[in-house]
Each structure stands twice: as structure tokens, then as C-alpha cells.
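Right, one structure below, let's go through it.
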Amino acid sequence: MRNILLISFEMLSKIIFSFPRFKCFNYIKSFFLKLVGARIGKRVIFYPGVWINPGFNFSVGDDVDFALDVLVTTKGGVKIGNRVLIGYRTQILSSNHNIPSVKQPIFGAGHSYSKVVIEDDVWIGANCIILPGVHIGEGAVIGAGSVVTKDVKAFSIYGGNPAKLIRHRNV
């Protein structure tokens, strides 16, 4: 029975998040996420193909833009501030598979969870990966294609794999 509910939820989510980014559909997407326990601010835009699962432990501020095919896992917790731009195909991950000891099977080793925090006025470029436990400071910019494995300082520009400080923004 649990599998049927899970698959039904995923199917409904896939259908709802395939709708275009018109205001009425963004309201439906926000309402759907609120039904599963998320906190969604005002004027949040979800392009088609966004995947947010399971939806609880998820908090989004006002004026946040989720571009095409953004993926967010929320079991470990994800908090996104106000006025955040999240580029195409970016992945924000709050969970990961555990690596078992030698000679232990990988399958069934379990998961670990760690909260991701993205503060206000952050711009995350296309195709970025934000790993569990990362804190991105206010006003930061993450270059396209970056893999963020460690915290990002406020008002700085990071890029690369793994992402490193490129420079601080002019104040």
C-alpha cells in the first residue's frame, strides 16, 4: 500500500510540475507543496520539469525562481531565502547514500541527511550541484556548472568543481 501511495504522489507531482510557468499554475504548484508540509513564499516561479521531493522540510522565501528541470531533495531540509535565482538543471541535494565499510553491500547501506541553506539574493547558475550540508551566504553567485561541496561566503563569487572562491563582489 505504501508503494502505491508513493508512486501515486510522484505521478501527481510529475503532472503538476509539467505545467507551464503561468501565474495560475505556479499557484497550483505552491499549493501542492504546501499540502505536503512545505512553506512557500509569494511570487515563486516554477518552470516546467522542476522536481521537489518529498516536499516536507522545505522552506522558500518570496520572489524565488526555479528554472527548467531544477531538482531538490528535501528530506534533510532545504531553506531558500528571498529573491533567489536557481538556474536550469541545478540540483540541490539534502540527502546522500552512505558508503558502507569494506565488503559490505552498497545497496541498503542507508542514507545521511544534512540541511542546505541558501540565503537572500543568491544567484545559482545553470547545471550546478549543491551538496548536503552546504550554506550559501547572502548575495553569493555560483558560476554555471559548479559543484558546491563547502559553505559559500556572503557576497562572493564561487565556481568550478569543486567550487572555489573566484572573487568577492564589489560592495
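Positions are given from 1 along the sequence.
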Ignoring hydrogens, what is the shortest heavy-atom contact between [X] and [Y]? Give both atom names and the distance.
X	Y	result
H168	S156	ND1-CB, 3.8 Å
S94	K75	OG-N, 3.5 Å
S114	G133	OG-CA, 3.1 Å
S146	G160	OG-N, 3.0 Å
I40	S30	CG2-OG, 3.4 Å
D151	Y158	O-OH, 4.1 Å

Taking atom [atom1] of [X] and atom [atom2] of [Y], what is their separation to the nearest 0.5 Å?
X	Y	atom1	atom2	answer
F17	I28	CZ	CD1	10.5 Å
D120	I118	CG	CD1	11.5 Å
C128	R89	SG	CZ	11.5 Å
T74	N53	OG1	CG	7.0 Å
Q104	I99	CD	CD1	13.5 Å
S112	N98	OG	CG	4.5 Å

Just checking [X]: does its [atom1] atom have more than 12 heavy atoms from other residues, nucleotides or ligands closer to it than 6.0 angstrom?
X	atom1	result
K34	NZ	yes
L35	CG	yes
R43	CZ	yes

message = Whether the side chain of S95 engages the backbone of Y113 through a donor-acceptor N/O pair (distance < 3.5 Å, no angle test) should be reported.
response =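 Side chain of S95 to backbone of Y113, a donor-acceptor pair under 3.5 Å: no, none is there.
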message = Whether the side chain of K115 engages the backbone of N57 through a donor-acceptor N/O pair (distance < 3.5 Å, no angle test) should be reported.
response =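 Side chain of K115 to backbone of N57, a donor-acceptor pair under 3.5 Å: no, none is there.
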message = Consider ring pair (Phe, Tyr, Trp, His ring centres under 6.0 Å). Of F46, W51, Y88, which one does F66 pass it with?
response =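 Testing F66 for a ring pair (Phe, Tyr, Trp, His ring centres under 6.0 Å) against F46, W51, Y88 leaves exactly one candidate, F46.
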Is the closest side-chain heavy-atom distance between [X] and [Y] below 4.5 Å?
X	Y	value
L93	P132	yes
V72	I80	no
H135	E119	yes

request  = Using the ring of Y47 (Phe, Tyr or Trp, six-membered ring only), decide whether R21 places NZ or CZ under 6.0 Å from its centre and within 45 degrees of its axis.
outcome  =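 Because its charged atom sits under 6.0 Å from the ring centre and within 45° of the axis, R21 does stack over Y47.
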query = In terms of the angle between their ring planes, are Y27 and F31 parallel, tilted or perpendicular, with boundaries placed at 30° and 60°?
reply =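 Y27 vs F31 ring planes: parallel.
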query = Aromatic rings F32 and F9: how do their planes relate, parallel, tilted or perpendicular, breaks at 30° and 60°?
reply =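 Aromatic pair F32/F9 classed parallel.
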query = I106: which other cluster members, linking ILVMFWY side chains closer than 4.5 Å, directly or transitively?
reply =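 ILVMFWY cluster around I106 holds nothing else.
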Quick check on the hydrophobic clustering: are [X] and [Y] connected, directly or via other members, by side-chain heavy-atom contacts under 4.5 Å?
X	Y	value
V50	F19	yes
V64	F56	no
L6	I16	no
L33	I45	no
L68	I130	no

key: For I124, the option from V152, V141, V148, T90 that meets side chain to side chain contact (heavy atoms under 4.5 Å, CB included)   =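 Of the listed options, the one satisfying the test is T90.
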query = Do D62 and K42 meet the salt-bridge criterion of a basic N to acidic O distance under 4.0 Å?
reply =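 No, K42 and D62 are not salt-bridged.
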SB check D63 R83 (cutoff 4.0 Å) =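 Salt bridge flag = no for R83 with D63.
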